[in-house]
Amino acid sequence: MSRRLQGIGMTSRRTRERMISRLRQQGITNSNVLAAMADTPRHIFVDEALESRAYEDTALPIGHNQTISQPYIVAKMTELLLEFGPRKNVLEIGTGCGYQTAILAKLVGQLYSVERIAPLMKKARDTLWELGIKTVGFKHSDGGWGWPEHAPFDGILAAAAPPEVPPALLEQLAVGGVLVIPVGLEGRQELHRITRTEHGFEDEVIERVTFVPFLSGVSR
Ligand code: SAH
């Protein structure tokens, strides 16, 4: 592993392990999720000036008015996605810096990721390549449309909060599939897990959260 990937001091494996103990204390129990996060250097997804803060339990700016999700929320959403069994075909909406993408790529079958801001998507793709993650399908698009060509998905995870769940995402969910998504306006969002059953949809409200808004259209 290169020195940059390996990290030193505040970006070392030890710092990362402290982050993992904190996640355990916060109630994360899925050992595959914890192992994937222990294995993935988070500091390479943020600007050099912020590297030393990459393992704090906080969201950090990644440019274009967007943030890298805090470690707890990445762990929690991934755990919710995987709880009912392995996922073979997953769609992520809001690639951002690609950190959540890297964690998912290690834990699911095929992963597709959609981002509406072109430079973020390009940078995320480069960072993942550096980590040897090369099988993720990327698309510069409004995730409100899902990705019909690769549907149905047995998992969909959204990293931005729409006021209401976009219908296309429900349509593109397989029976038995789960959609993990923050829903609501700024300041009053809740994380939902929606499971498609033979008869319709089951909606669980998990907890209050803070996400950037889910915006429509694309930006270059
Ligand atoms: N998991 C990412 C989260 C980034 S913030 C990370 O940890 O870096 C959420 C991202 O969702 C932003 O990059 C934002 O541009 C993107 N986003 C917001 N609305 C979107 C939409 N409709 N389609 C695709 N991406 C969207």
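Start at 1 with the first residue, then count along the sequence. Numbering of ligands and ligand atoms starts at 1, following listing order.
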Inset, instruction - Among residues two or more places apart or on two chains, list those pairs meeting salt bridge (Lys or Arg N to Asp or Glu O under 4.0 Å) that have a residue in residues 96-122. - result: Lys122-Asp126
Inset, instruction - Before accepting this row, confirm whether a basic side-chain N of the pair Glu204/Arg193 lies closer than 4.0 Å to the acidic partner's carboxylate O. - result: yes
Legend entry - Asp39/Arg13 ion pair, N-O < 4.0 Å: yes
Inset, instruction - Could you tell me whether Lys123 and Asp47 have a side-chain N and a carboxylate O separated by less than 4.0 Å? - result: yes
Inset, instruction - Salt-bridge test for Glu17 and Arg14: reply yes if a basic N is under 4.0 Å from a carboxylate O, no otherwise. - result: no
Expected rows: ligand 1 N/O, protein N/O, dist below 3.5 Å:
residue: ligand 1; atom: 7 (O); partner: Ser69; partner atom: N; Å: 3.0
residue: ligand 1; atom: 8 (O); partner: Cys97; partner atom: N; Å: 3.0
residue: ligand 1; atom: 13 (O); partner: Glu115; partner atom: OE1; Å: 2.7
residue: ligand 1; atom: 13 (O); partner: Glu115; partner atom: OE2; Å: 3.3
residue: ligand 1; atom: 15 (O); partner: Glu115; partner atom: OE2; Å: 2.6
residue: ligand 1; atom: 19 (N); partner: Leu215; partner atom: N; Å: 3.0
residue: ligand 1; atom: 22 (N); partner: Asp142; partner atom: OD1; Å: 2.9
residue: ligand 1; atom: 22 (N); partner: Leu215; partner atom: O; Å: 2.6
residue: ligand 1; atom: 23 (N); partner: Gly143; partner atom: N; Å: 2.7
residue: ligand 1; atom: 25 (N); partner: Arg116; partner atom: N; Å: 3.4

Inset, instruction - In plain terms, say whether Arg196 and Glu202 are close enough for a salt bridge, that is, a side-chain N and a carboxylate O under 4.0 Å apart. - result: no
